[in-house]
Amino acid sequence: MEMGSVIQFLENKTILVTGATGFLAKIFLEKIVRVQPNVKKLFLLLRASDAKAATRRFHDEIIGKELFRVLKEKCGSDFNAFISEKITLVPGDIIYADLGVKDSSLRQQMLDQIDVIVNLAATTKFDERYDVALGINALGAKHVINFAKECGKVQVLVHVSTAYVCGEKGGLLQEKPYQMGETLNGVAGLDIDAEKKVVEEKLNELRADGATEEAITSAMKDLGLERATRYGWPNTYVFTKSMGEMLVGQLKEDLPLVVLRPTIVTSTYKEPFPGWVEGVRTIDSLAVGYGKGKLTCFLGDVKGIVDVIPADMVVNSIIVAMAAHVNQPGEVIYHMGSSMGNPLKYANLKDYGLRYFTEHPWVNKDGNPVKVGPVKVLTSMASFRRYMAIRYLLLLKGLELANAAFCKYFQGTYLDLNRKIKFVMRLIELYRPYLFFKGVFDDMNTEKLRIAARESGAELDVFYFDPKCIDWEEYFTEIHIPGVVKYVFK
């Protein structure tokens with residue numbers, strides 16, 4: 001594995017980015033145009049019906065974000081002209097063959113000019129509708145690699161997956177590809193074409209029965225979870241991402257393929273500035289709930305490792321991997337996480353949250369600071385169920401009896417509480433595999449990439465992606481939690 005200057009590698013390159021409105025895609029785009037203004041072109045695939053809709057999404061969801069503040073300051077009045085010169089918007093959708101690109105001349109430009117493809121398109125909801133998740137995460141990946149093979153001069157494809165394709169496995173989790181049809185529980189019969197038929201048949205059945213859109217959505221969510229657990233995956237997201245990996249691995253032929261598997265992606269560590277985040281992710285929802293005084297207990301193994309990685313490090317690893325594997329046929333898997341080199345424990349997170357919100361209390365809607373204290377820790381699902389039974393289910397039973405005695409006078413309260421309990425229980429079931437996760441992600445390949453980059457003279461001060469340099473207490477109390485709070489308040 002040899003590479004020189006990564007900045008020089010990017011010069012005069014034409015790159016296709018799918019999933020362009022996503023969190024990582026925006027950071028990737030900003031980084032490329034900021035550090036290498038002589039990049040030739042970035043084709044951005046946006047889900048849009050036409051060029052006008054694509055332009056609106058680009059301005060509202062990408063370029064209008066604070067993320068581009070540093071670049072705007074750097075470019076000054078030339079910013080808009082510079083962006084117009086470097087970026088070509090592509091209305092389309094990866095759920096379709098040819099990426100749904102309807103403009104034949106634009107499609108031909110892409111096929112003739114693209115050097116690198118970075119597939120960042122994904123739906124990350126754990127319980128997404130199965131038809132939606134299968135279409136984007138699995139079949140979308142197939143459409144991307146088929147498009148890549150039509151490109152006359154493409155040099156490498158980077159497919160961004162997730163480290164949690166491993167399911168609930170514990171121990172040391174290796175950077176190994178999945179073979180077509182492989183399952184986590186050994187159950188035979190996983191066939192992606194057959195999964196498509198399962199989806200089509202279920203949708204046809206629901207529509208024939210006159211089901212409402214809400215009922216169809218609910219049924220398709222249940223179907224995804226059912227198909228995932230059948231083959232050993234805990235949710236629809238990681239199941240469909242696994243199938244996406246299988247498809248790109250099987251269809252790659254001589255195309256150089258990098259599959260990058262990040263763990264839990266958090267706010268930027270350094271660039272373009274510390275603490276940029278978009279959306280409230282898994283661990284962030286815990287922090288926000290705690291700061292608001294609504295999270296009184298924590299379910300999970302506090303001694304367990306929570307594997308997080310800042311978004312700018314993930315983006316830097318994508319860029320370095322692009323440079324390292326250009327014109328190198330074969331497939332390589334990279335875990336991009338921290339559990340191997342710089343493990344963080346849930347107990348640490350708990351302490352950082354207490355420290356931050358004690359020093360910087362959340363101000364409620366009445367203008368009063370919210371006082372926080374240590375949370376009650378529940379270390380098993382059995383203890384969580386006992387907690388719920390004592391705190392909520394007894395009250396629910398009491399309301400049920402009161403309803404019977406007082407002609408359903410408390411029916412509204414009863415239904416509201418029942419709905420909230422069911423919502424919490426479903427949420428806990430979805431996140432349970434990660435609250436008690438026992439795996440550590442081997443990053444031997446990623447470490448080899450770091451060494452190769454260092455020895456080849458790549459600019460690791462610009463494209464840093466080693467989590468060993470992170471002081472977690474400083475990162476969470478001074479960068480990440482303030483970034484999340486700022487996002488929630490904006």
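- In this structure, the side chains of L134 and K196 come closer than 4.5 Å at one or more pairs of heavy atoms.
- Enclosure of atom NZ in K468 by more than 12 non-hydrogen atoms of other residues, nucleotides or ligands within 6.0 angstrom is indicated.
- Judged by distance alone, with hydrogens and angles left aside, the side-chain atoms of K65 form no donor-acceptor pair with the main-chain N or O of I62 at under 3.5 Å.
- With values rounded to the nearest 0.5 angstrom, S218 atom OG is found 11.0 Å from L223 atom CG.
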side-chain contact (heavy atoms from CB on, under 4.5 Å) evaluation trace for I264 with Y434: CA-CA 10 Å; I264 300 168; Y434 308 108; 6.0 Å; no
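- In this structure, M444 places its CE atom where only 12 or fewer heavy-atom neighbours from other residues, nucleotides or ligands lie under 6.0 Å away.
- Inter-residue side-chain proximity for V314 and L260 is flagged as met; some heavy-atom pair is nearer than 4.5 Å.
- For the pair I27 and A311, the tightest heavy-atom approach, listed with the atom from each and the gap, is CD1-CB, 3.5 Å.
- Residues Y334 and V158 form no side-chain contact, since every pair of their non-hydrogen atoms from C-beta on lies 4.5 Å or further apart.
- A donor and an acceptor atom, one from each side chain of T217 and R129, are located under 3.5 Å apart.
- Once rounded to the nearest 0.5 Å, the distance linking OG1 of T124 with CD of E128 reads 8.5 Å.
- A salt bridge is absent between E200 and K197; no separation between the charged side-chain nitrogens and carboxylate oxygens falls under 4.0 Å.
- Using bins of under 30°, 30° to 60° and over 60° for the plane-to-plane angle, the ring pair F476/Y352 lands in the parallel bin.
- Considering CG of N348 and CH2 of W472, their distance stands at 10.5 Å, rounded to 0.5 Å.
- Between L29 and V17 the shortest side-chain heavy-atom distance does not fall below 4.5 Å.
- Under the 3.5 Å distance criterion, the side-chain polar atoms of H335 are matched with a main-chain donor or acceptor of D442.
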Residues F126, Y164; criterion ring pair (Phe, Tyr, Trp, His ring centres under 6.0 Å); working and verdict: CA-CA 11 Å; F126 285 5; Y164 295 97; 8.5 Å; no
Stepwise salt bridge (charged side-chain N to carboxylate O under 4.0 Å, His left out) test for K438 and D301: CA-CA 9 Å; K438 302 292 184 188; D301 178 7; 2.8 Å; yes
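- The pair D443-R450 counts as a salt bridge, with a side-chain nitrogen and a carboxylate oxygen less than 4.0 angstrom apart.
- One finds a salt bridge joining E278 and K26 here, because a Lys/Arg side-chain nitrogen approaches an Asp/Glu carboxylate oxygen to under 4.0 Å.
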Step-by-step side-chain contact (heavy atoms from CB on, under 4.5 Å) determination, L106 to F43: CA-CA 10 Å; L106 176 57; F43 285 109; 4.0 Å; yes
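- Although no hydrogens or angles enter the test, the distance criterion places a donor-acceptor pair under 3.5 Å between the side chain of N342 and the main chain of I470.
- Although no hydrogens or angles enter the test, the distance criterion places no donor-acceptor pair under 3.5 Å between the side chain of S338 and the main chain of I309.
- Taking all atoms of both residues into account, the shortest heavy-atom contact from V238 to V165 is O-CG1, 4.0 Å.
- Using modelled atom types, one finds no donor on one side chain facing an acceptor on the other under 3.5 Å when comparing T240 with E195.
- Taking the six-membered ring for Trp and thresholds of 30 and 60 degrees, Y290 and F357 have ring planes more than 60 degrees apart, a perpendicular arrangement.
- The shortest distance between side-chain heavy atoms of T446 and M340 does not fall below 4.5 Å.
- We find the CG-CD distance between D254 and Q328 to be 12.5 Å, quoted to the nearest 0.5 Å.
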Pair M313-T268, side-chain contact (heavy atoms from CB on, under 4.5 Å): steps then yes or no: CA-CA 8 Å; M313 289 196 176; T268 53; over 6 Å; no
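- Heavy atoms from other residues, nucleotides or ligands lying under 6.0 Å from NZ of K149 number more than 12.
- Across all non-hydrogen atoms, the minimal contact from A148 to V154 is O-CG1, 3.3 Å.
- Heavy-atom minimum distance, I94 versus A121: CD1-CB, 3.4 Å.
- Here the shortest heavy-atom pairing between K241 and A122 reads NZ-CB, 3.8 Å.
- With rounding to the nearest 0.5 angstrom, the CD atom of Q250 is 11.5 Å from the CD atom of E331.
- At least one side-chain heavy atom of Y237 sits less than 4.5 Å from a side-chain heavy atom of T162.
- Evaluated for a side-chain hydrogen bond (donor to acceptor under 3.5 Å, both in side chains) with R261, the options E245, H159, E175 yield exactly one hit, E245.
- N204 CG: more than 12 foreign heavy atoms inside a 6.0 Å radius.
- Inspection of the Y475 and S267 side chains reveals an N or O donor paired with an N or O acceptor under 3.5 Å.
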Worked check of side-chain contact (heavy atoms from CB on, under 4.5 Å) between N137 and T123: CA-CA 7 Å; N137 294 343; T123 175; 3.7 Å; yes
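- The CD1 atom of I305 sits 11.5 Å away from the OG1 atom of T263 when rounded to the nearest 0.5 Å.
- Counting heavy atoms from C-beta on, the side chains of K350 and V377 come closer than 4.5 Å.
- Within the 4.5 Å cutoff, no side-chain heavy atoms of L225 are placed close to those of Y130.
- Side chain to side chain, Y269 and N316 fail the donor-acceptor criterion of an N or O pair below 3.5 Å.
- For R47 against D93, the heavy-atom pair with the smallest separation is CD-OD2, 2.9 Å.
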Audit row: E182, K176, salt bridge (charged side-chain N to carboxylate O under 4.0 Å, His left out) steps and yes/no: CA-CA 12 Å; E182 184 180 343; K176 286 170 61 178; over 6 Å; no
